[in-house]
Protein chains: 2
Amino acid sequence: MTSAPVTPPAKPNGRRRSSGVDRRSELIQIAGQLFADKGFLATTIRDVADAAGIQSGSLYHHFTSKESMVEELLGDYWTKLLDGYRAVVSAELEATESARGLIRASVRLLDECRLALGVMLNDWNYLSETFPFMEESLRECQSIWLGVLERGIESGEFDASMDPVITYRTIMAAVSGTARWFSPSGKVSVDELADDMAAMFLDGMRARP
Amino acid sequence: MTSAPVTPPAKPNGRRRSSGVDRRSELIQIAGQLFADKGFLATTIRDVADAAGIQSGSLYHHFTSKESMVEELLGDYWTKLLDGYRAVVSAELEATESARGLIRASVRLLDECRLALGVMLNDWNYLSETFPFMEESLRECQSIWLGVLERGIESGEFDASMDPVITYRTIMAAVSGTARWFSPSGKVSVDELADDMAAMFLDGMRARP
DNA sequence: TACCCTACCAAATGGTTGCTTGGTTTCACC
DNA sequence: GGTGAAACCAAGCAACCATTTGGTAGGGTA
């Protein structure tokens, strides 16, 4: 039962199965799904290989290591997030609208990069130690957010008694934690979610008089 | 470098070192610290044993498995959280004050059970599959929150256009995600943090006119 | 036909894992 | 000074891990 002569369940011996499309990114998606579901460390490369219908050793034709499988997924997320953030602040809107834009940019990636977010949610500590660019990206993320929040306080748009760092961290925790349950195919769309969250952080859940 | 003859750093061969205090809960704290830092799966029982200054096999005198080391930590958290929640709702306050109470009860555990929260933050998927009581507790947690939020909408205290489920999940994600950075010995106290968060979710960060 | 190149297989590698076993030390209590 | 229990050590187990290696199938190109 433990090590029966495992015959690959799908496409037993067919080569050249990816007709044109990049096999590498196909494998990253398969691996990312498992990493997001079970956690990076709890997923073995045998799990990935089984899901892809190939032998575990064959993965090393495409990737140099297990880490490199997840690295692209994460790098892609942070590139997109920070690109979106930079576009928001370069528009030089009022602080309120900048904040709304940052929340929208973050929430949009819940759909576009849900695997990457799922992986980071499970194994942040391990991954941030393994890939230094994660901490660096997070630093830029924080500095952009703090810029917007402090500008809003100065302009009188935001409550002066609010702590920018706590607020920033609370928003980030709320948005990325949402990756745990949000599904873009559910009854709530990405845009609705983004608007709900922006409304919540800007004006709270209390009814206006 | 990898496996040098590791001499236990503290109390090399001393037995009966825990004078009176429960050695078992002492070991749970040591293990919990490592689980919270490195992740449950990434931490080996040899890591735990080294930190405790004993041999890895000796841990099995106190625990039946690696899982049982973390089980008590998690069970303690959920018991305390739900006890706190039940006390809040049984006071039958206005919905606004109930919500504030739930936030306070959650934030208070950031100090009291920070190891448990840190562990869950890293390995939620794995742990909730391993320990069914985690999903059960979360269900009760959600039902209490939804009760308060829906009551507030009916009474007119809360914005009727708010989605209770999204709001609940957002608050929970924000609070538990805070375990990643919060330190009770820092410049922000638990009570200040609880008040800041409650203010944020109730009235938002926008300045009042 | 000859030759690459990509994608893969099959088998094995050294190292690490959680856990077990059998014996030893220490100490309170009688 | 003998007994029993708690705490621990030293050694080792089978299973599993990521990774390496040498070889092979088959389409594309010359």
Side-chain angles (χ1 to χ4, degrees), chain A residues 1-28 30-31 34-35 38-71 123 126-127 130, chain B residues 1-28 30-31 34-35 38-71 123 126-127 130:
Chain A
M1 189 67 79
T2 45
S3 63
V6 184
T7 42
K11 310 187 179 181
N13 208 15
R15 309 278 156 75
R16 195 56 51 100
R17 77 193 50 162
S18 59
S19 55
V21 292
D22 190 6
R23 181 73 165 139
R24 184 183 167 86
S25 50
E26 196 178 343
L27 290 171
I28 288 182
I30 292 171
L34 287 166
F35 294 159
K38 309 178 37 171
F40 178 72
L41 292 156
T43 304
T44 69
I45 58 153
R46 264 167 267 257
D47 292 335
V48 178
D50 286 352
I54 59 177
Q55 290 287 106
S56 66
S58 305
L59 286 171
Y60 289 83
H61 171 71
H62 302 275
F63 304 97
T64 62
S65 68
K66 188 185 173 188
E67 263 81 20
S68 73
M69 292 184 205
V70 84
E71 192 167 9
D123 299 282
Y126 174 83
L127 294 170
T130 308
Chain B
M1 189 68 79
T2 46
S3 63
V6 184
T7 42
K11 314 187 178 181
N13 207 18
R15 307 280 156 76
R16 193 58 46 102
R17 78 192 51 161
S18 59
S19 54
V21 291
D22 190 6
R23 179 73 166 140
R24 183 184 168 84
S25 50
E26 196 179 343
L27 290 171
I28 288 182
I30 292 171
L34 287 166
F35 294 158
K38 309 177 37 170
F40 178 72
L41 293 156
T43 305
T44 70
I45 58 154
R46 268 167 258 259
D47 291 335
V48 177
D50 285 353
I54 59 177
Q55 291 286 107
S56 67
S58 305
L59 286 171
Y60 289 84
H61 172 70
H62 302 275
F63 305 97
T64 63
S65 67
K66 188 186 173 188
E67 264 81 20
S68 73
M69 293 185 205
V70 83
E71 191 168 10
D123 299 282
Y126 175 82
L127 296 168
T130 308

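Naming: A, B, ... by sequence-line order, numbering from 1 per chain.
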Rounding to an integer number of Å, can you tell me how far Tyr60(A) OH sits from dT19(D) P?
3 Å

So, using ring-ring contact (aromatic ring centres under 6.0 Å, His included) as the criterion, who are the partners of Phe35(B) when residues are at least two apart?
Phe40(B)

Quickly work out the Phe63(A) CZ to dC8(C) P distance and round it to whole Å.
11 Å

Whole angstroms only, please: what is the CZ-C1' distance between Phe35(A) and dA18(D)?
12 Å

Side chain of Thr44(A) - closest among dT19(D), dC8(C), dC17(D):
dC17(D)

Quick check: closest heavy atoms across Lys66(A) and Leu41(A), and the distance to 0.1 Å?
NZ-O, 3.8 Å

Distance check needed: dT19(D) P versus Asp47(A) CG, whole Å only.
14 Å

When rounded to whole Å, the CG to C1' distance for the pair Leu41(A) and dC16(D) reads 15 Å

At 4.0 Å (heavy atoms only), tell me whether Ser58(A) reaches a base, stays on the sugar-phosphate, or touches nothing.
base

For dC8(D), does OP1 or OP2 lie under 4.0 Å from any side-chain N or O of Arg23(B)?
yes

Which nucleotide, dG18(C), dT19(D), dC8(C), lies nearest any side-chain atom of His62(A)?
dC8(C)

Please write out each protein N/O paired with an N/O of nucleotides 11-14 of chain D under 3.5 Å, distance rounded to 0.1 Å.
none

When you measure from the side chain of Arg46(B) to the backbone N and O of Ser56(B), does any donor-acceptor pair fall under 3.5 Å?
no

Measure the OG1-CD distance between Thr130(A) and Glu67(A) for me, rounded to the nearest 0.5 Å.
5.5 Å

Is Phe63(B) close to Ile45(B) at the side-chain level, that is, under 4.5 Å between some pair of heavy atoms?
no

Rounded to whole Å, how long is the line connecting atom CD1 of Ile30(A) with atom P of dA7(C)?
14 Å

Could you tell me which non-hydrogen atom of Ala42(B) sits nearest to which non-hydrogen atom of Asp47(B), and how far apart they are?
O-OD2, 4.0 Å

One should read off an interatomic distance between Lys38(B) NZ and Asp123(A) CG, to the nearest 0.5 angstrom, of 13.5 Å

d(CD1, Ile54(A); P, dC9(C)) in whole Å
6 Å

For atom NE2 of His61(B) and atom C1' of dT26(C), their distance in whole Å
12 Å

